[in-house]
Every structure is written in structure tokens, then in C-alpha cells.
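Notes to accompany the following structure.
In what follows, residues are counted from 1 in the order of the sequence shown. Only this structure's heavy atoms are used, side chains among them; waters, hydrogens and symmetry mates stay out.
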Amino acid sequence: MTSLAPLPRVLASELADRAPTILVFDSGLGGLSVFREVARVRPDAHFVYAADDAAFPYGALSDETLVARVGHVMDRLIGEVRPDLVVIACNTASTLALPSLRAGHPTLPFIGTVPAIKPACLASRTRRVSVLATPGTVRRDYTAALVREFASGCDVALVPSDRLAGLAEAAMAGDPVDDADIAAEIAPCFVNAGGRRTDTVVLACTHYPLILDRLTRLAPWPVTWIDPAPAIARRVTQLIGTAAPAAQDDPSPVRLVSTLRPLEAVRIGAIVGRPVAPPQVLDPSGPARGAS
């Protein structure tokens, strides 16, 4: 099991006279599901949303390549953004790259995203839980260790999906996505055996909550979907405190950064409900540039 070291604490008093800068990072648009929850609890923050779309999907990379890639891009982002806190809004990156990121930036708090197996097993009445994730997250030793530690007598099915993150990414980009394709990806989550059927599904990829309405509609029967984003938002407030009572009603624009092509500002603004700045493309080996 990969050890996720204790986080350094940013005392709220250190940020009493200014709004924090929070960097939310993912390989694509999936991290927006986490961003929305964090923005709700710290509406006063200056946010940077960064997508390493040049390397999407992370689940297709080898472990060594992923760790090196995330470290390289994050070093560049941290140097430019100077955040007070970083949220790694990606299960695949979190279960593998967090230890090296924390070692490389020991004074900077990182909050990762890992499969919410413990709360799912506590919530399940039938004691049958599925974890819907990318193949990379499913095969991680860290995920297996969570099952061993927290399954609490539940039957836990680890369900790798090769396509669902990409389908969610396409849907968020406004491309047509067939219901049948989504239904095929989630079908293995629904197990009915021994008089018990799955009643709880862990969404172990941050892309999945972005299409939760379709997942719910296409499910063979109703289940509880476990989204880790609210827990991540609570962890943010534990580390840097809550917004002041007079938190600004006019939030600062979200800075959008990507590594391949400019993010769609209008679409992202609609998803997160905040103003967004003109997008930038960041070459990890060179300076950021604005979208033309």
C-alpha cells in the first residue's frame, strides 16, 4: 500500500487578510466536479483550474510515466500559480503521484482524491458495493488496500471502465454520446446474486459525477452513487478554514490552464457557475500563452 503522508497544515490565521489561491488539477474536465464543491465552501478564493489534456487519459499511462508527467506539470504550475493549496482532482494521479508531490513540495498542502470505499460500505444496506473506476485506479495496490481495510464485510466489485471518462469528457464538450455506450460501461456495477443486489456505487473517477443524471437514468435499478467531492471540500476547510461571513458575492474569475488546447470558457463557466478568465495553454517546458 502506498502511504499517503500527513498533510502540512495551512493555518486560517495565515490567510486572514487575503483570499487563498487554490489550484485544482486533473487530466481533463473531470476535476470540475470537485471544483464545484470546493468553490461552494470557499467562494472567496482565487481559483486556478488546470487540465493536463495533452496526456489525457492518465489511466492509459504506465505508473512510472504518470508519476513523472504529473510531477513535471505540477512543478511548472506551482512555480507560476504559487497556490496556497493544491487539490489533485483525479483518482489515478492521487493513488500514485501524491507521495512524490508532497516530497517535492513539503510546505504546500496537497489534497488527493481516492476511492470512497469506506463511506460506501458504511452506507450499504445489502452489503454489496461496486467501485466504478478507470483501469489504472482499479489495478492500484492502494485501491486493493482500501478494500481490505474498509470493506467491513461487504462484497466489493472493482469495475474498470475503459471508456466512461472519455465519454464524460465528450459529453461535457457538447459532443453526442449514445446512452447505450454509457449503459454498457456501468452495467458490470450492477450485481444481483445470493439474494442481494448492488445498492451503492462509488464514483472513483472525477469525470463520472459530471454525467450523474445520465448514470442515474440508465441504471438497471436505483442505487446510491458516492461522489467524493463533498468530502474533499470539507478537507479544504479543515486545512485553510471557511470563508469569512462577508465573502465576496462577486467572485474573481477562474483562471483556466491546459496543456494541449484552450479550455472552453463559456461551457466551463456554465458548469461551475462562476466567471472564467480567457483560457491559457501551458507548455510545461515554456511560458504560458493565451488562447488566440
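Two residues are said to be in side-chain contact when any heavy atoms from C-beta on lie closer than 4.5 Å; Arg197 and Phe190 fail this criterion. A heavy-atom distance below 4.5 Å is found between the side chains of Pro83 and Ile78. Side-chain atoms of Ile22 and Val48, non-hydrogen and from C-beta on, never get closer than 4.5 Å to each other. Side chains of Val34 and Val38 form a contact here, defined as non-hydrogen atoms less than 4.5 Å apart.
The side-chain contact (heavy atoms from CB on, under 4.5 Å) check on Ala187 picks up nothing, with sequence neighbours excluded. For the side-chain contact (heavy atoms from CB on, under 4.5 Å) test, residues two or more places apart in sequence or in another chain that qualify with Ser258 are Asp53, Leu263, Val281. Shown here are the side-chain contact (heavy atoms from CB on, under 4.5 Å) partners of Ala204, two or more places apart in sequence or in another chain: Asn91, Pro115, Val131, Ala133, Val202. Remark: Thr65 pairs with Ser62 by the side chain to side chain donor-acceptor pair (under 3.5 Å) rule, at least two apart or across chains. Asn192 is linked by a side chain to side chain donor-acceptor pair (under 3.5 Å) to nothing, counting only residues two or more places apart in sequence or in another chain. Not a single side-chain contact (heavy atoms from CB on, under 4.5 Å) links Ala68 to another residue, sequence neighbours left out. Listed by chain and residue number, Arg214, Arg217 satisfy the side chain to side chain donor-acceptor pair (under 3.5 Å) test with Asp179 (two or more places apart in sequence, or in another chain). Checked against side chain to side chain donor-acceptor pair (under 3.5 Å), Thr134 has the following partners two or more places apart in sequence or in another chain: Thr92, Thr137. In this structure Asp75 satisfies the salt bridge (Lys or Arg N to Asp or Glu O under 4.0 Å) test with no other residue, sequence neighbours excluded.
Taking 4.0 Å as the cut-off between side-chain N and carboxylate O, Arg255 and Glu80 count as a salt-bridged pair. Salt bridge Arg42/Asp44: present, at least one basic N to carboxylate O contact under 4.0 Å.
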For residues 218-233, tabulate all N or O donor-acceptor pairs below 3.5 Å that involve a side-chain atom, not counting sequence neighbours.
| residue | atom | partner | partner atom | Å |
| --- | --- | --- | --- | --- |
| Trp221 | NE1 | Thr198 | O | 2.7 |
| Trp225 | NE1 | Thr216 | OG1 | 3.4 |
| Asp227 | OD1 | Ala229 | N | 3.0 |

Give every donor-acceptor pair under 3.5 Å between a side-chain atom in residues 158-167 and any protein atom, sequence neighbours left out.
| residue | atom | partner | partner atom | Å |
| --- | --- | --- | --- | --- |
| Ser161 | OG | Leu164 | N | 3.0 |
| Ser161 | OG | Glu185 | OE1 | 2.5 |

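With Tyr49 as the partner, the side-chain contact (heavy atoms from CB on, under 4.5 Å) test is satisfied by one option alone out of Val272, Asp26, Val257: Asp26. Put simply, the residue from Val73, Leu101, Val87 that forms a side-chain contact (heavy atoms from CB on, under 4.5 Å) with Phe25 is Val73.
Using a distance-only test at 3.5 Å, with no hydrogens or angles considered, no donor-acceptor pair links the side chain of Arg196 to the main chain of Ala193.
Other residues, nucleotides and ligands contribute only 12 or fewer heavy atoms inside 6.0 Å of the CZ atom of Arg261.
Screening residues 124-135 for salt bridge (charged side-chain N to carboxylate O under 4.0 Å, His left out) gives Arg128-Asp155 as the qualifying pairs, with residues at least two apart or on separate chains.
For the residue pair Ala277 and Ala265, the shortest heavy atom distance occurs at O-CB, 4.3 Å. Heavy-atom minimum distance, Phe35 versus Val254: CZ-CG2, 3.5 Å.
Counted by atom type alone, Thr259 and Asp52 present one or more donor-acceptor pairs between their side chains at under 3.5 Å.
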